[in-house]
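Worksheet: one structure, shown below.
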Amino acid sequence: MRPLLLAFGSLLFLCDSGWSKPLIVAHRGASHDAPENTLPAFVLAWKQGADAIEGDFLLTKDNKIICIHDGSTKRLADRNLVVRQSTLKELHELDIGSWKHEKFKGTKIPTIAEVFTTIPKGRKIFVEVKCGPEIIPHLVQEIENSKLKTEQVVLICFKKEVVQAFKKAMPNNKAFWLSSFKKDKEGTWTPSAGSVLATLKAFKADGLDSNKNIPEEIARKVMDAGYEWHAWTVNDVATAKKLKALGIHSITTDRPALIKGSL
Ligand code: G3P
Ligand code: CA
């Protein structure tokens, strides 16, 4: 009877979510093997079996959304341009692949529209907004212009006001609040479960995306309240297995092939 009940439970879960947990999310694409936040990294992530990709997004001077982590190109290119003070055309002239390996020479910073076109049917993107809510009207337009379904595009952001603005504009798309947990000498975690739940409710977030140092008791309380819990950036198998056992919804990793294969 018990195996039958378990099978029925799993079936119910799959029907409810369409996915088996945890999803494997490629952090900045397959960024262990290809230059972060580029089309080669995203294409490789799909080849490595990722269920979703994660990318960082900022606005250019001419209000185009591009995929880049930092506010300047200093770390990735041989010229230092400030993203918000440069046009898409100027930023497109840069090579952001050579720093990783010469085989990626000539790789350009992609627009969000270009990243969207790589996403296969049924897979997802975690759009991390690295600026403020001024990006939201442009993001809504890009999502509407794409052929992606509502469940394929989710937003993640450390800034609560960005989560709030996105949920107001696109209430049916999921949005997760990014947060880091820290434990003090007395063993008390910050933020607390009460503060997390209050924040998620106030900003209409669908859950949390946290660093991998997860306080299990808080995670259980938050998930029991019906919210999702996602975690970044996990590149070792032991931690991935621990998080799977905890029941979290996704694991973000630079190494999707390794983590997917191990689970
Ligand atoms: O998935 C969230 C994670 O990407 C946040 O950290 O610095 O890699 O953007 P960062
Ligand atoms: Ca990110």
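This chain uses plain numbering: 1 for the first residue, then up along the sequence. Just follow the structure's listing: the first ligand is 1, and inside any ligand the first atom is 1.
Side-chain atoms of Thr87 and Asp62 form no donor-acceptor pair, as typed in the model, at a separation below 3.5 Å. For Arg84 and Asn63, the side-chain atoms include at least one donor-acceptor pair closer than 3.5 Å. Using modelled atom types and a 3.5 Å distance limit, the side chains of Asn235 and Thr253 yield a donor-acceptor pair.
What sits closest to atom 6 (O) of ligand 1 on the protein, heavy atoms only, is Trp232 NE1, 3.7 Å. Regarding atom 9 (O) of ligand 1, its nearest protein heavy-atom neighbour is Lys130 NZ, 2.8 Å. The protein heavy-atom contact nearest to atom 5 (C) of ligand 1 is Glu128 OE1, 3.5 Å. Atom 7 (O) of ligand 1 has its closest protein heavy atom at His69 NE2, 2.8 Å. In terms of protein heavy-atom proximity, atom 8 (O) of ligand 1 is nearest to His27 NE2, 2.7 Å.
Not one N or O of Thr233 is nearer than 3.5 Å to an N or O of ligand 1, by distance alone.
Heavy atoms of Leu178 found under 4.0 angstrom from ligand 1 belong exclusively to the side chain. Under 4.0 Å from ligand 1, the heavy atoms of Ile156 that appear belong solely to its side chain.
Considering all non-hydrogen atoms of both residues, Ile96 and Ala77 come closest at CG2-CB, 4.2 Å. The shortest heavy-atom contact between Pro120 and Gln152 is O-NE2, 3.3 Å. Taking each heavy atom of Ala41 and Ala34 in turn, the nearest pair found is CA-CB, 3.7 Å.
The ligand atoms of ligand 1 that sit less than 4.0 angstrom from a heavy atom of Arg28 are 7 (O), 8 (O), 10 (P). Remark: ligand 1 atoms within the under-4.0 Å shell around heavy atoms of Asp56 are 9 (O).
As for Glu54, its N/O/S atom nearest the Ca ion (ligand 2) is the one called OE2.
Aromatic ring pairs are classed by plane angle as parallel below 30°, tilted from 30° to 60° and perpendicular above 60°; the pair Trp189 and Phe181 is perpendicular. Classified by interplanar angle (parallel below 30°, tilted 30° to 60°, perpendicular above 60°), the ring pair His230/His249 is tilted.
With the Ca ion (ligand 2) as the vertex, OE1 of Glu128 and OD1 of Asp56 span 90° to the nearest 10°.
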